[in-house]
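To keep things clear, I will list the structure first and then write my remarks on it.
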Amino acid sequence: MKSFRRYKTLSKFSPHNKEDFIDLHDLFEHAPCGYLTLAPNGLIVNVNHTFCTWSGYEKDDVLGKKLRDLLNVVGRIFYETHFAPLLRMQGYFDEVALDLITPDESRLAVLANASERRDSDGNLEYTRVTLFRATERRRYERQLVDARENAEALKLELENGLDHERQTAELREKFIAVLGHDLRNPLAAINSGARMLMRREKDEEKLSFLHLIQTSSLRMAGIIENVLDFARGRLGGGMSINIEYGKSLTLMLDQVVSEIRTTYPDRIIETEYHSELIVDADHSRIAQMFSNLLGNAVSHGRADSPIQVSAKIADNDFVLAITNDGDPIPPAELSKLFEPFHCSESSSKKGGLGLGLYISTHIAQAHNGKLVADSQSGKTTLTFSMPVHKDRLTPQ
């Protein structure tokens, strides 16, 4: 292997020695992630010290093997049937959950990213693979499994008159959480495959089928996220938020609107932003809530009428309103709109679990905000409001 060059850089940590060196070899060996290089035949030809430290392998024990040789049986099957074909088809894959088997037969949970390097003629030169430890993710999975086992043990003690129906409901929630988590990887593979085929396909009829596959997979991904959030809330995990300070929400709002327009190209969405919208908030959670609210308006609003989105800052509060035309919601049903698994007769025909608005209310509450609904005179408006300043926010 060719030696790494050394580059000079200004070091703020050495006030008496303004010139310092960064050794790229050291950066490779001690990067905060495992790094492997695969030859065109799939054999590992280079691996860094970080991976060896995490896994317990000596470098010579890894070189000459294939990545699949380091996986457990289930991981080998899934890698060969899903992610190796995906890598060959699109040249990369991202955030794949794998379990490596260490020399002492224990498991090392990782998230893998991979990308190919090809020459000007399209020939594969090598494949780069980065591995990130996923212990927290696996800990959450184990907590779900442990909670399920504990609930099953408690079930055996229900002969003394405990509420059997409540215990059954808890088991159901744990089951759907585990199921939703395990559906993520194959769903990501389906979506990536459809996207790559759409880039190559020219036939309009086939493109329409591929668009249907991609739209359905994205909708399923949203349902899975809602199910996992619901299960975490029911199992005591709560709605976690990570506040970003001094950042505008405008770009995020435009991105969500663009995604909905792409999925529903026949629907008209009108936007009106009244200010720069600098808000201290968890932007990914706000995007999740906005997507749920906008998707709800698309599903239940009249197809021939535009959906109106308004965002502004008023009286130190951020206010986001989504309005659609359609039949007014009866007062009795309006009071249950934000309850979990609530579906009106009309919405049940459109599919969905009825969790989107329920999750949205918890996102609003996590930001010390509120989500309210108003439906009258042929218009339905969902309005989210929250304080703008960080000293009025308490991270959950």
Side-chain angles (χ1 to χ4, degrees), residues 180 218-219 221-233 237-264 267 269-301 307-324 337-340 352-374 380-396:
L218 291 174
R219 181 170 173 270
I223 292 174
I224 289 172
E225 289 301 322
N226 285 337
V227 166
L228 291 176
D229 280 336
F230 172 77
R232 279 192 287 265
M239 178 65 67
S240 61
I241 64 172
N242 183 24
I243 298 173
E244 298 176 73
Y245 298 103
K247 184 177 177 181
S248 174
L249 287 173
T250 305
L251 182 61
M252 177 276 294
L253 295 175
D254 282 334
Q255 182 177 352
V256 172
V257 171
S258 177
E259 291 172 354
I260 297 295
R261 283 172 174 162
T262 301
T263 307
Y264 302 94
R267 300 304 301 270
I269 302 175
E270 300 174 348
T271 61
E272 183 179 10
Y273 306 145
H274 294 263
S275 61
E276 185 57 24
L277 305 179
I278 303 297
V279 180
D280 297 333
D282 185 329
H283 287 227
S284 63
R285 285 294 189 184
I286 298 297
Q288 180 185 359
M289 178 186 64
F290 181 38
S291 180
N292 282 337
L293 300 181
L294 194 53
N296 182 80
V298 170
S299 297
H300 304 295
I307 297 169
Q308 299 171 338
V309 176
S310 171
K312 63 182 179 180
I313 294 178
D315 298 327
N316 290 323
D317 279 343
F318 168 66
V319 181
L320 174 66
I322 298 93
T323 301
N324 63 269
L337 195 62
F338 300 113
E339 294 180 2
L353 296 176
L355 286 176
L357 295 183
Y358 172 79
I359 298 299
S360 297
T361 60
H362 280 266
I363 295 175
Q365 292 168 7
H367 287 83
N368 288 348
K370 61 182 179 180
L371 182 62
V372 297
D374 179 71
T380 297
T381 301
L382 297 175
T383 304
F384 163 68
S385 60
M386 62 162 286
V388 171
H389 300 300
K390 62 183 181 181
D391 59 349
R392 296 172 62 190
L393 280 174
T394 303
Q396 302 297 307

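- When atom types are taken as modelled, the side chain of Thr361 and the backbone of Tyr358 share a donor-acceptor pair closer than 3.5 angstrom.
- Taking 4.5 Å as the limit, every side-chain heavy atom of Asp374 sits out of range of all side-chain heavy atoms of Thr383.
- Between the side chain of Asn324 and the backbone N or O of Gln308, no donor-acceptor pair lies under 3.5 Å.
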>> Is there a side chain to side chain contact (heavy atoms under 4.5 Å, CB included) between Val309 and Glu272? Walk through the geometry before answering.
In response: CA-CA 6 Å; Val309 176; Glu272 183 179 10; over 6 Å; no

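- Distance NE2/His362 to CG/Leu371: 11.5 Å, rounded to 0.5 Å.
- His367 places a side-chain N or O within donor-acceptor distance of the main-chain N or O of Asp282, the cut-off being under 3.5 Å.
- Every residue meeting the side-chain contact (heavy atoms from CB on, under 4.5 Å) condition with Glu276, not counting sequence neighbours, appears here in chain and number order: Ser248, Ile278.
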>> Please evaluate residues Leu320 and Leu249 with respect to the criterion side chain to side chain contact (heavy atoms under 4.5 Å, CB included), reporting the C-alpha separation (whole Å), side-chain torsions for both, the decisive distance (0.1 Å), and the verdict.
In response: CA-CA 11 Å; Leu320 174 66; Leu249 287 173; over 6 Å; no

>> side chain to side chain contact (heavy atoms under 4.5 Å, CB included) for Asp280 and Glu244? Distances and angles first, verdict last.
In response: CA-CA 6 Å; Asp280 297 333; Glu244 298 176 73; over 6 Å; no

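- The distance from atom CG of Leu277 to atom CG of Leu251, rounded to the nearest 0.5 Å, is 11.5 Å.
- Counting only heavy atoms from C-beta outward, the side chains of Val279 and Met386 approach each other to under 4.5 Å.
- Atom CD1 of Ile286 and atom NE2 of His283 lie 8.0 Å apart (nearest 0.5 Å).
- The backbone N or O of Asp254 lies less than 3.5 Å from no partner atom in the side chain of Ser258, so there is not a single donor-acceptor pair.
- Within the 3.5 Å criterion, the main-chain N or O of Ile307 finds no donor-acceptor partner in the side chain of Arg267.
- With contacts defined as side-chain heavy-atom distances shorter than 4.5 Å, the pair Phe290/Phe384 does not qualify.
- Atom CG of residue Asn368 and atom OG of residue Ser385 lie 11.0 Å apart, to the nearest 0.5 angstrom.
- Put simply, CG on Leu294 and CD1 on Ile260 are 5.0 Å apart, with the number rounded to the nearest 0.5 Å.
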>> Evaluate Val257 against Leu253 for side chain to side chain contact (heavy atoms under 4.5 Å, CB included), listing each step before the verdict.
In response: CA-CA 6 Å; Val257 171; Leu253 295 175; 5.5 Å; no

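- Side-chain contact between Ser310 and His274 is present, with at least one heavy-atom pair separated by less than 4.5 Å.
- Asn296 places none of its side-chain heavy atoms less than 4.5 Å from the side chain of Ile322.
- Counting only distance, with no hydrogens or angles, the side chain of Asp317 and the backbone of Val319 share no donor-acceptor pair below 3.5 Å.
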